[in-house]
2 protein chains.
Amino acid sequence: MDNDTRTLFFSFFNEVGIIAQLSRTALEARLPKGLTLPHFSVVNHLIRVKDGQTPLALANAFQVPKTTMTHTLGGLTANGFVEIRPNPDDGRSKTVWLTDAGRRFREDAIRSIDPDIEVFKSQYPEEKIREIVPELAAIRALLDAARD
Amino acid sequence: MDNDTRTLFFSFFNEVGIIAQLSRTALEARLPKGLTLPHFSVVNHLIRVKDGQTPLALANAFQVPKTTMTHTLGGLTANGFVEIRPNPDDGRSKTVWLTDAGRRFREDAIRSIDPDIEVFKSQYPEEKIREIVPELAAIRALLDAARD
DNA sequence: ACTATTTAGTTCGACATCGCACTAATGGAG
DNA sequence: CTCCATTAGTGCGATGTCGAACTAAATAGT
């Protein structure tokens, strides 16, 4: 393989890794102590998509192992942000529901993060982000599919 | 803030996070047991840039805390991939040097990863990656600068 | 020269992540 | 109906990551 090509792909994944790391740190600095990006992401997902999903469905949505989702949901439950109920369709399974406190947590978080997004937007054009996101989504899908 | 705009930026960082996660897992599956992406990245960096750098310089290059780099270098030393020597210019500091085993580790890793890159390249045009990388680098730099 | 401040690196403790093994429930094959 | 394989979720142990506090060396200010 061409060395230049290899370096290019390594650079790509390297930049992606560092951006993920920096953005995560930046976001968590705005969250109440003890709460992490996954906590926020799950609550946000439950609002954007729909609550009442199973833990496994959430694990798949975020591409994390089941055990990780168990841990994350444990934290959300401890904070009273979600409620876990039995799944009427499947005795092995459960369903995850938002509480009012969960919705408030999400709204507070968004309110405190918005200014950072504004700053970022003022330094990097929204339009370019809009062009890149579909590409990233396609790449994500490819990597996911390759993971058989 | 416009809800659509917010969703766009969240999507961007979300895709980035999942790609980072999936690519990391994929790479580590090719590495000898016990070795991780940071191990490979540091060795690769020492070859691409130059060895003899200080641990702090490496921590800065990868945007990780000093303590994390100490841990990573400990693993590399335990595997005999790098050698830590005093820094002749500064008694507080050290320098990190590659060993032959370290170079071999890097070459073996690249050899086993190349096929995956080929597959990826066949599904997603290299040219698009080449366009996106500079954008990601710019975004990375912005996030880094915002981190005063 | 002397002291205070800053800096490089480590140690330690807290915690997120994840693989492995386990339990309980489901579903399919005969 | 009975058994066996599969699936959802959890407990546990190992490990990566990182903040806080520490040591030792360098540097700045007087």
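Proteins come first, then strands; the chains are lettered A, B, ... in the order of their sequence lines, and each starts at number 1. Treat the numbers as computed from the prediction; the structure is a model and nothing was measured.
Interface remark: the A/R92 side chain does not form any donor-acceptor pair with the C/dT26 base, using a distance-only criterion of under 3.5 Å.
In this structure, A/L73 places its CG atom 8 Å from P of D/dT10, rounding to the nearest Å. With rounding to whole Å, B/L22 atom CG is found 14 Å from C/dT17 atom P. With rounding to whole Å, B/L37 atom CG is found 15 Å from D/dT15 atom C1'. Rounded to whole Å, atom P of D/dG16 lies 12 Å from atom CG of B/L31. Computed from coordinates, the B/I84 CD1 to C/dG9 P distance equals 9 Å when rounded to whole Å. Taking atom CD of residue B/E28 and atom P of nucleotide D/dT15, one finds them 14 Å apart after rounding to whole Å. Atom CG of B/N79 is separated from atom P of D/dG16 by 11 Å (rounded to the nearest Å). Regarding B/K94, its NZ atom lies at a distance of 14 Å from the P atom of D/dA26, rounded to whole Å.
Annotation: A/F12 is not in aromatic contact with B/Y124 [ring centroid separation under 6.0 Å not met].
Residues A/D51 and A/L98 come closest through the heavy atom pair OD2-N, 3.2 Å. Scanning all heavy atoms of the two residues, the minimum distance from A/P86 to A/P88 falls at O-CD, 3.4 Å.
Between B/S93 and the phosphate of C/dG9, there is a side-chain N or O to OP1/OP2 separation shorter than 4.0 Å. Look at B/T67 and you won't find any side-chain N or O under 4.0 angstrom from OP1 or OP2 of D/dG19. Taking 4.0 angstrom as the limit, B/R24 places a side-chain polar atom (N or O) nearer than this to OP1 or OP2 of D/dT17. For B/Q21, no side-chain nitrogen or oxygen approaches OP1 or OP2 of C/dT17 to under 4.0 Å. Contact annotation: A/T70 reaches the phosphate of D/dT10 (side-chain N/O to OP1 or OP2, under 4.0 Å). Listed pair B/H71 / D/dT17 fails the phosphate criterion, with no side-chain N or O lying under 4.0 Å from OP1 or OP2.
Residues B/I139 and A/I129 meet the side-chain proximity criterion, which asks for heavy atoms closer than 4.5 Å.
In terms of position on DNA chain D, the residue among A/T25 and B/H39 whose nearest nucleotide sits closer to the 5' end is B/H39. When the nearest nucleotides of DNA chain C are assigned to A/G34 and B/D90 by heavy-atom distance, the more 5′-ward of the two goes with B/D90.
Counting only residues at least two apart or in different chains, side-chain hydrogen bond (donor to acceptor under 3.5 Å, both in side chains) contacts with residues 102-112 of chain B comprise B/N44-B/R106, B/D108-B/R111.
Rounding to the nearest 0.5 angstrom, the gap separating the CG atom in B/L143 from the CD atom in B/Q63 is 9.5 Å. To the nearest 0.5 Å, the span separating CG on A/N14 from CG on B/L37 amounts to 8.0 Å. With rounding to the nearest 0.5 angstrom, the CZ atom of A/R85 is 13.5 Å from the NZ atom of A/K94.
Among the heavy atoms of the strands, none lies under 4.0 Å from A/N87.
When distances are taken from the side chain of A/T72 to each of C/dT17, D/dA25, D/dG16, the shortest belongs to C/dT17.
Of the residues in residues 47-66 of chain A, those placing a heavy atom less than 4.0 Å from an atom of DNA chain D are A/T54, A/P55, A/L56, A/K66, in numerical order.
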